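It should be emphasised that the depicted structure is a prediction, and the values quoted were computed from it without experimental measurement.
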2 protein chains.
Amino acid sequence: MTVQRRGKAPSQADVARLAGVSQSAVSRVISGDAATARIPEETRRRVFDAVRELGYVANPAARAMRKQRNNLLGVHTFERVFPHAREDFYFEFLLGIEERAEETGFDLVLFTSTGAGGDGERKIYRGGTNRLNLADGSILLGVSTDRGELARLWYEGYTFVHIGRREVPGAEIPQIIPDYRTASGRIVERLAGLGHRRFGYVRDWLELEPYADRRTGYAEAIARLGLSDASPGYLGAPGIDEVWLEEVVGGAATAVVVESVRLAEALRERLAARGRKVPDDISVAVLEGAPADLAGQWASLEIPRKEIGRIAVDRLHAMLDDPGQRAESLLVPCPLIAGTTIAAVS
Amino acid sequence: MTVQRRGKAPSQADVARLAGVSQSAVSRVISGDAATARIPEETRRRVFDAVRELGYVANPAARAMRKQRNNLLGVHTFERVFPHAREDFYFEFLLGIEERAEETGFDLVLFTSTGAGGDGERKIYRGGTNRLNLADGSILLGVSTDRGELARLWYEGYTFVHIGRREVPGAEIPQIIPDYRTASGRIVERLAGLGHRRFGYVRDWLELEPYADRRTGYAEAIARLGLSDASPGYLGAPGIDEVWLEEVVGGAATAVVVESVRLAEALRERLAARGRKVPDDISVAVLEGAPADLAGQWASLEIPRKEIGRIAVDRLHAMLDDPGQRAESLLVPCPLIAGTTIAAVS
DNA sequence: CACCTGTGCTCATACGTATGCGCACCGTTT
DNA sequence: AAACGGTGCGCATACGTATGAGCACAGGTG
């Protein structure tokens with residue numbers, strides 16, 4: 001019966017002793033560096049035999065210290081990864097990240113360290129110790145990313161990418177960005193193709209960068225195609241304005257583009273209350289990823305989350321392989337979902 | 001405008017130079033060891049100022065090498081973590097693990113490295129490099145855990161726990177085990193309390209340890225309470241035997257205990273086809289976690305996955321804090337779900 | 001025989017941190 | 001005045017790995 005091995009794990013020095021060579025020889029044999037070619041088969045075999053006998057495995061900390069790599073990819077989310085509430089948001093990204101990390105031989109570190117505040121929001125810098133350093137590079141993920149921390153991270157020359165748009169003055173944060181602008185434009189184009197000429201736009205209350213992209217894309221398409229936008233529209237107040245709604249019911253718009261599913265559903269109900277049906281009387285499209293619901297699938301865009309996760313990993317690899325390169329952001333196209341909530345103008 | 005800092009990250013030596021002290025003084029101030037008490041406020045301030053000015057953050061690799069801790073908790077699954085998610089086997093465990101890790105200030109490493117086979121199954125040992133070493137200790141998770149790898153891991157003295165029962169001859173693997181045995185017994189007790197005296201048992205085809213526990217618990221309760229078990233029952237063949245089913249319909253059993261939901265549903269259908277209703281004519285209980293379905297909630301047990309995840313983390317911490325202690329396994333009680341598929345004997 | 005080219009290694013060092021040991025200085029006690 | 005205890009640090013080293021430099025030897029060439 002085997003007995004549990006006690007004491008320290010064997011080091012290359014132990015292996016070297018047993019194989020009758022020097023520690024450096026062991027290192028060369030194991031890590032297979034260029035000079036390995038100069039070590040004959042016989043010696044190599046002795047080393048490997050000793051490795052097997054002692055059950056030697058490399059000490060990752062020491063290795064990481066010596067090289068500047070430890071094949072670890074950090075993932076920092078500013079909220080918990082697993083919990084249900086945010087599950088939908090993060091989940092698909094992680095899927096892609098994990099897949100790609102696995103394919104490229106990297107392990108993943110989930111940074112779960114909370115800030116001292118205990119408010120549940122996560123911080124990168126905690127008591128002077130930036131834990132992200134543990135990983136060769138990191139993917140940052142989350143809507144509430146702290147701009148100050150991003151700036152510092154960038155300033156310190158840490159290698160990372162941010163999923164989603166996040167502009168920080170004075171820093172060039174490499175971002176992987178769903179191309180909401182183009183997608184929003186294409187949705188307008190599609191509606192125009194169905195004969196719509198008078199449009200409405202409903203804003204959400206959030207004022208994050210991604211919504212700015214959508215508004216830009218919408219406004220550009222309206223202008224480019226010579227369509228009309230019923231005010232208050234994309235420049236107005238968030239939410240569904242009562243006066244505006246009456247105008248729409250009166251025919252001021254035949255197509256409405258809405259920033260979120262929640263708002264779209266509210267809109268549909270309030271239209272129904274006034275005897276207007278979607279899409280028969282009015283077409284409605286949504287500018288975010290939307291699951292199918294009982295009343296059908298929203299005409300919407302799809303956020304290619306998994307794809308974005310994979311891209312983020314590749315991007316990170318590229319940055320690690322060539323540290324000198326400029327950190328550029330990347331737009332990822334969003335496919336359109338045809339849906340059942342838009343129709344040709346009647 | 002700030003310019004991106006180039007070159008190496010500052011070390012304690014750099015801080016020391018700037019603060020006009022030695023590197024060791026910096027280390028003492030920063031890590032706040034016992035001797036810190038002997039360093040006056042004035043010096044400390046100088047050090048912290050220098051830290052701030054240089055933006056020094058500790059190098060985790062070096063720190064991990066020096067101490068024997070790096071506050072990393074490994075999670076190794078033998079299949080991918082993120083796929084399937086919602087109904088996924090792993091998900092709830094991870095929820096608990098993440099929560100508890102966060103609470104205790106540990107980060108999580110997800111080991112995603114596959115074996116060379118590319119068959120999707122994951123290996124711990126990959127080309128002589130046991131990646132788990134990266135973490136202070138690990139939680140192993142998965143039904144198909146390779147026994148040989150577990151044995152080796154244990155032999156090498158690595159600190160880990162296994163979620164789920166997994167016996168390895170010659171090694172004492174610390175396991176966190178849902179107490180199927182007790183729970184199965186209690187289900188029998190509950191049925192007996194409803195007046196049932198003649199029982200049947202349906203096995204699944206799987207021959208993993210957890211099923212053995214269920215069978216033991218069932219058999220013990222049957223014996224203890226002086227009940228009768230209609231053969232082939234728990235010792236017989238897996239699946240629903242035709243002959244046995246006829247006997248049950250004929251009254252050989254008023255209560256049937258089934259290992260899996262899948263089988264229970266099949267049983268219900270085949271009973272219905274013979275004019276027997278659940279639970280009016282026959283009570284059926286399931287020995288695994290069962291979601292509510294259209295025909296009601298199965299009388300079943302609940303696997304406290306999240307709780308188990310949390311316990312696993314705590315267990316690991318205990319082992320890390322006291323390396324000498326014997327690695328003991330732990331049974332976690334499974335609550336019973338009353339359900340709607342059992343009733344008093346008619 | 002002097003010289004050169006490989007070959008098969010070893011030596012020495014660096015990476016950044018933590019820590020046991022001890023030195024120099026100062027104020028106090030005997 | 002000698003002895004002593006406390007304060008405020010610095011010195012030196014260890015952790016395990018990777019790697020540039022170089023040494024000793026063998027064999028071949030002029």
Enquirer: If only side-chain N and O atoms of T43(A) are considered, is one of them under 4.0 Å from the OP1 or OP2 phosphate oxygen of dC9(C)?
Expert: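 It does, given that an N or O in the side chain of T43(A) lies less than 4.0 Å from OP1 or OP2 of dC9(C).
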
Enquirer: Roughly how many Å is it from CG in N70(B) to P in dT17(C), rounded to a whole number?
Expert: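 So the CG-P distance, N70(B) to dT17(C), works out to 15 Å.
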
Enquirer: How close or far is atom C1' of dA18(C) from atom CD1 of I39(B), stated in whole angstroms?
Expert: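 Taking CD1 of I39(B) and C1' of dA18(C), I get 13 Å after rounding.
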
Enquirer: Centroid separation under 6.0 Å, is that true for the rings of H76(A) and F160(A)?
Expert: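 No, too far apart.
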
Enquirer: For a quick check of understanding: with a heavy-atom distance under 4.0 Å over all strands, which category does V21(B) fall into, base, sugar-phosphate or nothing?
Expert: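 Since only primed, P, OP1 and OP2 atoms lie under 4.0 Å of V21(B), the category is sugar-phosphate.
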
Enquirer: With respect to R100(A), which candidate in E102(A), E98(A), E103(A) satisfies the salt bridge (charged side-chain N to carboxylate O under 4.0 Å, His left out) definition?
Expert: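 Of the listed options, the one satisfying the test is E103(A).
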
Enquirer: Could you state the CZ-C1' distance from R38(B) to dG5(D), rounded to the nearest angstrom?
Expert: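 Spelled out: CZ on R38(B) to C1' on dG5(D) is 11 Å.
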
Enquirer: Send over the distance from E41(A) CD to dC9(C) C1', rounded to a whole Å.
Expert: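 Between C1' of dC9(C) and CD of E41(A): 16 Å.
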
Enquirer: Could I get the full list of side chain to side chain contact (heavy atoms under 4.5 Å, CB included) partners for N59(B), not counting sequence neighbours?
Expert: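 For N59(B) the side chain to side chain contact (heavy atoms under 4.5 Å, CB included) partners, ignoring immediate neighbours, are A61(B), A62(B).
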
Enquirer: Nucleotide by nucleotide, 5' to 3', does protein get under 4.0 Å of the base (B), only the sugar-phosphate (S), or neither (-) in nucleotides 11-16 of chain C, counting heavy atoms?
Expert: BB-BBB

Enquirer: How do S27(A) and P40(B) order along DNA chain D: which one's closest nucleotide is nearer the 5' end?
Expert: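 The residue mapped nearer the 5' terminus is P40(B).
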
Enquirer: Under the side-chain hydrogen bond (donor to acceptor under 3.5 Å, both in side chains) rule, collect the residues that match up with S27(A), sequence neighbours excluded.
Expert: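 Partners of S27(A) by the side-chain hydrogen bond (donor to acceptor under 3.5 Å, both in side chains) criterion come out as none, since no residue qualifies.
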
Enquirer: Thinking salt bridges, do R310(B) and D314(B) make one under a 4.0 Å N-O criterion?
Expert: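 D314(B) and R310(B): not salt-bridged.
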
Enquirer: To the nearest angstrom, how far is R46(B) atom CZ from dC9(D) atom C1'?
Expert: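 Going from R46(B) (CZ) to dC9(D) (C1'), I get 11 Å.
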
Enquirer: Salt-bridge test for R52(A) and D49(A): reply yes if a basic N is under 4.0 Å from a carboxylate O, no otherwise.
Expert: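 Between D49(A) and R52(A) there is a salt bridge, with a charged N closer than 4.0 Å to a carboxylate O.
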
Enquirer: Please state how far atom CD in E42(B) lies from atom C1' in dG8(D), giving the value in whole angstrom units.
Expert: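 Atom-to-atom, E42(B) to dG8(D), this comes out as 12 Å.
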
